[in-house]
Amino acid sequence: MLEKFLILAIFAQVILTYGILVVMGRRRFSAAKQKLIQKEDFATMRLETAPDHVRVADRSFINQFEIPVLFYVASLTALSLNAVSVWFVAFSCVFVITRFAHAIIHLGKNTVIVRYRLFLISCLMNLLQWLCLLFTVFVGI
């Protein structure tokens, strides 16, 4: 049963990534339509002159392929080793919740200190996932 909750957490993280992709696309197309960036800039992804709201969405999307990759690896490893515990699922859920909150802040008011704290919490949750996984695999609890 715990595996199903972990899979839901993984799916939520995937949905977050696709949601940010949609926001990024809308912002890019809107900026291009308003002539704030040139369509040719997309050929080489030369978006340094893009408005901040476009660049923030781009960065938020890229963020989903950094720390979350460690979340996916830990989760898939736990699933494949039958090492999913209540604690692992709890850390996973908090990780995903903080990533959602981080993305909402990043794409919204972009309050750096709040975003940074959420980032640190998500990193801590991922570290705890890994420690929980190691403990379960090597100690067997």
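Index from 1, following the sequence.
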Do [X] and [Y] share a hydrophobic cluster, counting only Ile, Leu, Val, Met, Phe, Trp and Tyr and linking them when any side-chain heavy atoms are less than 4.5 Å apart?
X	Y	value
Val22	Ile104	no
Leu107	Val112	no
Ile15	Ile62	no
Phe95	Phe11	no
Met125	Ile105	no

Thr77 vs Val137, side-chain contact (heavy atoms from CB on, under 4.5 Å): CA-CA, chis, key distance, verdict: CA-CA 10 Å; Thr77 302; Val137 168; over 6 Å; no
[X] versus [Y], closest heavy-atom pair with distance:
X	Y	answer
Tyr72	Gln13	OH-CG, 3.1 Å
Ala50	Ile37	CA-CG2, 3.3 Å
Ser85	Leu2	C-CD1, 3.7 Å
His53	Arg27	O-NH1, 2.9 Å
Met24	Ala57	CA-CB, 3.8 Å
Ala74	Leu133	O-CD2, 4.0 Å

Exceeds 12 heavy-atom contacts within 6.0 angstrom, atom CZ of Phe100: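 It does: Phe100 CZ has more than 12 such atoms within range.
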CH2/Trp130: more than 12 non-hydrogen atoms of other groups inside 6.0 Å: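 Count over threshold, so yes.
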Ring geometry between His102 and Phe119 (parallel below 30°, tilted from 30 to 60°, perpendicular above 60°):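 The rings of Phe119 and His102 sit tilted, inter-plane angle from 30° to 60°.
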Roughly how far apart are [X] [atom1] and [Y] [atom2], rounded to 0.5 Å?
X	Y	atom1	atom2	answer
Arg117	Thr98	CZ	OG1	14.5 Å
Leu76	Ile7	CG	CD1	9.0 Å
Leu127	Leu120	CG	CG	12.0 Å
Leu118	Ile97	CG	CD1	11.5 Å

Worked verdict on Val96 versus Phe71 for side-chain contact (heavy atoms from CB on, under 4.5 Å): CA-CA 9 Å; Val96 173; Phe71 162 75; 3.8 Å; yes
Check: Ser122 main-chain N/O paired with Arg99 side-chain donor or acceptor under 3.5 Å: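 Checked: no pair found.
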Under 3.5 Å donor-acceptor, Ser92 side chain and Phe88 backbone: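 Yes, the answer is positive, given that a donor and an acceptor are paired below the 3.5 Å cut-off.
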Verdict with supporting geometry, Gln64 and Leu21, side-chain contact (heavy atoms from CB on, under 4.5 Å): CA-CA 10 Å; Gln64 302 313 307; Leu21 176 66; over 6 Å; no
Side chains of [X] and [Y]: closer than 4.5 Å at any heavy-atom pair?
X	Y	result
Asp52	Asn110	no
Phe5	Val84	no
Phe65	Thr17	yes
Arg59	Asn63	yes
Gln129	Leu70	no

Donor + acceptor pair across side chains of Ser30, Gln34 (<3.5 Å):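 Checked: Ser30/Gln34 side chains pair up, N/O donor to acceptor below 3.5 Å.
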Step-by-step side-chain contact (heavy atoms from CB on, under 4.5 Å) determination, Val94 to Phe91: CA-CA 5 Å; Val94 175; Phe91 297 143; 6.0 Å; no
